[in-house]
Every structure is written in C-alpha cells, then in structure tokens.
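Data block below; observations after.
Proteins come first, then strands; the chains are lettered A, B, ... in the order of their sequence lines, and each starts at number 1.
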There are 2 protein chains.
Amino acid sequence: MTGVIASGVRRGSTAVAKSSAPSRERIVAGAADLISRRGLNATSIRELAKHAKAPLGSTYHYFPEGKGQLATEAVRYAGGAVARILRRELDAGPVAGLRAFLSLWRGIVIESDFRAGCPVLAVSVEEPPAGEMPPALTAAAEAFEDWEQLLAEALRKHGVDGDQARGLAALIVASVEGAIAMCRAKRSMQPLDRVARQLETLIAGVLDG
Amino acid sequence: MTGVIASGVRRGSTAVAKSSAPSRERIVAGAADLISRRGLNATSIRELAKHAKAPLGSTYHYFPEGKGQLATEAVRYAGGAVARILRRELDAGPVAGLRAFLSLWRGIVIESDFRAGCPVLAVSVEEPPAGEMPPALTAAAEAFEDWEQLLAEALRKHGVDGDQARGLAALIVASVEGAIAMCRAKRSMQPLDRVARQLETLIAGVLDG
DNA sequence: CACTGGCTATAACGCCCGTCATAGTCTAGC
DNA sequence: GCTAGACTATGACGGGCGTTATAGCCAGTG
C-alpha cells in the first residue's frame with residue numbers, strides 16, 4: 001500500500017479541471033506520499049514520476065512550472081484530504097474528530113512501517129530561498145490553518161470559549177505533528193499514543209468543565 | 001547570527017576528545033544549524049564546509065565515515081545542548097524548565113527569521129534506507145528521549161504521577177516540535193505562542209491540582 | 001483520409017552531489 | 001634543521017539533479 005492519503009484518489013477534482021487525466025491525480029497523490037517520506041528537496045521529479053508509473057515527460061506536461069507546482073498541489077491535495085476527513089468526523093463532536101485525526105496518522109505511520117509521516121510537515125521544515133515564500137510553503141501554512149479552524153469551530157460549537165478553542169486546536173495539530181515525527185525516529189508508536197491519551201483527557205475535561 | 005545552538009561552541013568536549021580541533025566543533029555546530037534549516041538530505045557536505053569556513057577536505061579528515069557521521073554528531077551536539085539547558089532550568093521547577101525550553105526555540109525561530117527550526121526534527125522526517133536504522137536517526141530518537149525524561153523527572157519530583165509525567169513530557173516535546181514547524185510555514189509565532197499558553201496552564205493545573 | 005492536439009519517449013544541457021586520491025603546507029618535537 | 005603527522009588544497013570519479021527540446025505515437029474529429 002502506498003499511503004492512506006494517496007489511496008484516496010477519487011473523482012471530484014480540486015478546482016476547475018473539468019475533465020480527465022487519471023494519471024495527473026496519481027502523480028499528485030504519489031508526490032504527497034513520497035514527499036511525506038523523503039522530504040521535499042530530497043525527492044526528485046524522476047522518483048516522483050517512477051512512483052506514479054508515469055513518464056518523466058508527463059510530469060512536465062501536467063505541471064509545466066516544474067517541481068514547485070507539483071509540490072504545491074501535493075500539499076494542497078493532502079491538506080484537503082485530511083480536512084475532508086476531519087470535517088466529516090467532527091460532526092460527531094470534538095472528541096470523535098480528534099480520534100479520527102489521530103487514527104488517520106496512526107494508520108499512515110504504521111502501514112508505512114514508520115517510513116511515512118505528514119507531507120505538510122515535511123514541506124514546512126525546509127528552508128525557503130532567501131526572502132521568498134514558495135507556493136508549497138504557503139500551501140502548507142494553509143493546510144495547518146484549515147485543520148486548526150475546523151477543530152476550533154467544533155470546540156466552540158460545544159461550548160468552549162473562542163480563545164481557548166483556538167489554543168486547543170493549535171495544541172492538537174502541533175502535538176500530533178510532532179508526535180508523528182518522534183514516532184518515526186523512535187520506530188515506536190509510544191509518542192503518538194501518549195499524546196493521544198493526554199489530548200483526549202484534556203479535551204474531555206474542557207468539554208464538561 | 002548563525003543560530004542559538006550553534007553559538008554555544010565552547011570548551012568542554014562531548015566525550016573522550018582530549019585535545020584540539022576548534023574547527024571540528026565549528027563544523028559540527030554549523031552542521032546542526034544548517035540541517036535545522038534545510039533538512040539532512042538537502043544539505044551537502046560542500047555547503048557544510050563552506051558554512052563552517054572549513055575546507056571540504058577537512059570534513060573528511062575529521063569525519064572519515066562521511067556525511068552520516070557528521071550528521072550523527074550534529075544531532076547529538078544539538079540534542080546535548082538542549083538537554084543541558086533543560087537540565088539546568090528544570091532545577092527551578094517544571095514550569096521554569098518549560099519556559100526555558102519554549103524560549104530557546106522561540107529565539108532560534110525568530111533570530112533566523114523563520115528559517116531555522118529543530119535539527120532533531122529535521123533528521124526525524126527523512127526516510128531511512130530500506131530496513132536500516134541510520135545512526136543519525138538513532139541519535140534523534142535518543143535526543144527526544146532525553147528531553148522527555150528530563151521533563152518527566154522534574155514533573156515527578158513535583159508530585160505528578162509517573163505515567164502522567166511521561167505523558168505530559170511527551171506532549172510537551174511533541175507539541176513544541178510541531179509548533180516550531182508550523183511557525184516556519186506560517187511565518188508567525190502564533191502557533192508556538194498558543195501552544196506555550198496551553199502547556200503552561202495545563203502544567204500549572206496539574207501541579208497544584 | 002488527413003490532421004490536430006494530448007500524451008509519451010528519448011536525449012541532452014549544465015550543474016552539483018558524495019567520495020576518494022594525491023600532493024602540498026604548516027607546526028612540534030627532537 | 002629535519003622529520004612526522006596533522007591539516008589543507010585541488011581535482012577528479014561516476015552519477016543524479018531540474019529542466020528543456022525534439023520527435024513520435026495515437027486517439028478523435030472533419
């Protein structure tokens with residue numbers, strides 16, 4: 001299996017894209033997966049193409065602006081996929097959403113045998129060119145922001161004060177992202193499990209406090 | 001300025017190393033800084049040497065096993081530097097230690113204008129070669145483990161139950177690491193500030209709860 | 001049938017990579 | 001002064017990088 005996020009290649013398109021190109025989406029999804037493993041700068045376009053079983057020429061056909069464009073779309077793709085899941089599961093309340101968020105990442109780390117993580121984080125930890133703000137990095141910031149807003153809104157809907165809700169949402173996203181990386185280094189799920197436990201009791205306490 | 005961690009190049013050596021080589025330490029410290037910006041695979045030995053104003057040949061003189069050895073020492077160097085600060089400040093209690101931990105990373109992110117982060121995290125998010133466990137990744141896991149243990153022990157010393165202490169320590173390290181990355185993506189200190197607030201009230205509550 | 005336009009195949013461009021080998025320089029101790 | 005050994009300088013090695021150019025294939029339309 002090539003990654004939980006990447007396996008969600010379905011119809012539905014991201015923006016205007018009226019037609020076609022099943023391989024285009026395959027490339028984007030594969031890029032998200034590969035970037036989540038290797039990091040952005042360490043992943044070559046040739047690897048990306050091979051991973052998606054697409055010819056190198058096709059990547060420049062679909063993404064004429066090159067690697068940056070592909071990376072940006074990959075980050076948006078992963079960010080959107082996670083946001084969709086989060087939005088759906090948060091309907092059953094903040095704790096249910098939190099659990100879905102946690103088990104989503106848990107699945108990615110375990111199924112990849114500690115080799116894959118979060119592509120959004122991977123893009124976030126690479127230095128941008130002096131004084132610039134590459135689109136992929138902006139997309140990463142937007143993904144984090146989306147997740148936080150979804151979580152915060154769910155908390156607010158369940159009676160948590162606005163400021164506190166934003167704070168808790170940031171804590172959730174940050175600690176889960178950090179824990180994923182720690183799990184990969186330690187080759188153990190303990191960090192994410194411990195963080196999950198702490199977050200669950202914290203949220204539960206805030207909700208009926 | 002070249003990074004808070006890297007600027008701590010002082011006498012004192014890490015292990016046996018009885019003598020010499022000021023430039024050896026400069027290379028290691030510079031490597032920690034550069035890796036924290038660019039990531040491991042994306043940082044070349046030539047850049048590392050130039051960054052430390054050392055000739056390329058010297059890197060292979062001091063680190064005959066090549067890039068992996070240098071990366072490993074850089075991770076250990078950074079991990080040890082943070083652990084030393086943590087150990088010192090935790091003497092004044094868990095909240096004081098937490099504050100020091102937070103403001104240490106805060107300084108690194110701000111002084112680098114959101115370009116540097118945590119070298120330990122940077123190494124953790126790169127895929128190891130199939131079935132292997134590179135020494136640098138092991139060093140990253142050890143650094144995380146050290147920080148967690150220091151925090152957990154301080155909490156225990158102040159009356160927190162053992163399991164809870166380990167959980168809180170994991171939450172602290174994970175959320176701070178994640179928040180650093182989010183700050184870089186957003187080019188804003190808000191994530192780390194929010195996480196700091198949440199962690200402080202959480203710890204304070206646990207301590208006199 | 002010819003033709004157009006989306007996709008692929010292949011090769012090349014200059015550049016940088018990790019690593020190694022070799023020869024040179026400098027300094028300490030005899 | 002001379003030799004040994006720590007460090008530096010330089011250049012090469014094969015290979016992968018991002019990107020571009022060019023030509024070929026192969027539907028679907030007229």
Side-chain angles (χ1 to χ4, degrees), chain A residues 13 16-28 30-31 34-35 37-75 122-123 126-130 132 134-137, chain B residues 9 13 16-31 34-35 37-75 122-123 126-130 132 134-137:
Chain A
S13 75
V16 197
K18 51 172 172 286
S19 60
S20 63
S23 65
R24 202 196 123 103
E25 258 202 78
R26 240 189 22 245
I27 295 175
V28 173
L34 218 44
I35 289 172
R37 297 169 185 266
R38 306 230 221 284
L40 175 50
N41 285 328
T43 305
S44 75
I45 289 202
R46 284 170 175 84
E47 285 173 322
L48 255 16
K50 183 171 298 184
H51 189 68
K53 290 182 210 311
L56 173 61
S58 296
T59 65
Y60 282 95
H61 175 75
Y62 291 122
F63 311 96
E65 289 162 42
K67 192 179 181 177
Q69 184 189 359
L70 178 45
T72 304
E73 296 205 20
V75 171
V123 166
E126 309 216 354
E127 192 177 47
E132 281 181 51
L137 194 51
Chain B
V9 184
S13 73
V16 198
K18 52 174 174 286
S19 61
S20 63
S23 65
R24 203 195 122 102
E25 258 202 77
R26 237 187 27 242
I27 295 175
V28 172
L34 218 42
I35 289 172
R37 297 169 186 267
R38 306 230 222 283
L40 176 50
N41 284 327
T43 305
S44 76
I45 290 203
R46 283 170 175 84
E47 286 173 322
L48 255 17
K50 184 171 297 184
H51 190 69
K53 289 183 211 312
L56 173 62
S58 295
T59 66
Y60 282 93
H61 175 76
Y62 291 121
F63 311 95
E65 290 161 42
K67 192 178 181 178
Q69 183 188 0
L70 177 45
T72 304
E73 296 205 21
V75 171
V123 166
E126 309 218 351
E127 191 177 47
E132 282 181 52
L137 194 50

Taking the side chain as every heavy atom from C-beta outward, state whether B:Thr59 and B:Ile27 have any pair of such atoms under 4.5 Å apart. yes
Between NZ of A:Lys53 and C1' of C:dA9 the distance, given in whole Å, is 18 Å
Under the criterion side chain to side chain contact (heavy atoms under 4.5 Å, CB included), I'd like the reasoning laid out for A:Ile45 against A:Leu56: C-alpha separation, chi angles, the key distance, then a yes or no. CA-CA 7 Å; A:Ile45 289 202; A:Leu56 173 61; 3.5 Å; yes
Using whole Å, what does the distance between atom C1' of nucleotide D:dC17 and atom NZ of A:Lys67 come to? 8 Å
Interatomic distance, B:Lys50 NZ vs D:dA9 C1' [rounded to whole Å]: 15 Å
Would you indicate whether the side-chain heavy atoms of B:Arg37 and A:Glu126 approach each other to under 4.5 Å? no
Rounded off to whole Å, could you give me the CZ-to-C1' distance for the A:Phe63 and D:dT19 pair? 16 Å
Once you apply a heavy-atom cut-off of 4.0 Å, does A:Thr43 come out as touching a base, just sugar-phosphate, or nothing? sugar-phosphate
Both B:Arg46 and A:Ser44 contact DNA chain D. Taking the nearest nucleotide for each, which residue is further toward the 5' end? B:Arg46
Output the rounded distance in Å from CD (A:Glu47) to C1' (D:dG16). 9 Å
Using whole Å, what does the distance between atom P of nucleotide D:dG16 and atom CD1 of A:Ile45 come to? 17 Å
What nucleotide among D:dG18, C:dC7, D:dT8 has an atom nearest to a side-chain atom of B:Tyr62? D:dT8
Among the candidates C:dT19, D:dA6, C:dC7, find the nucleotide nearest to the side-chain atoms of B:His61. D:dA6
Whole-Å distance separating the CG atom of B:Leu56 from the P atom of D:dA12: 15 Å
Looking at side-chain heavy atoms only, is the closest gap between A:Leu34 and A:Glu47 below 4.5 Å? yes
Which nucleotide in the set D:dA9, D:dT19, C:dT19 lies at the smallest distance from any side-chain heavy atom of B:Pro55? D:dA9
Mapping B:Ala54 and A:Gly66 to their closest nucleotides on DNA chain D, which lands nearer the 5' end? B:Ala54
Run the side chain to side chain contact (heavy atoms under 4.5 Å, CB included) check on A:Tyr62 and A:Gln69 step by step: do they pass? CA-CA 10 Å; A:Tyr62 291 122; A:Gln69 184 189 359; over 6 Å; no
What is the separation between atom OH on B:Tyr60 and atom P on D:dG11, rounded to the nearest whole Å? 18 Å
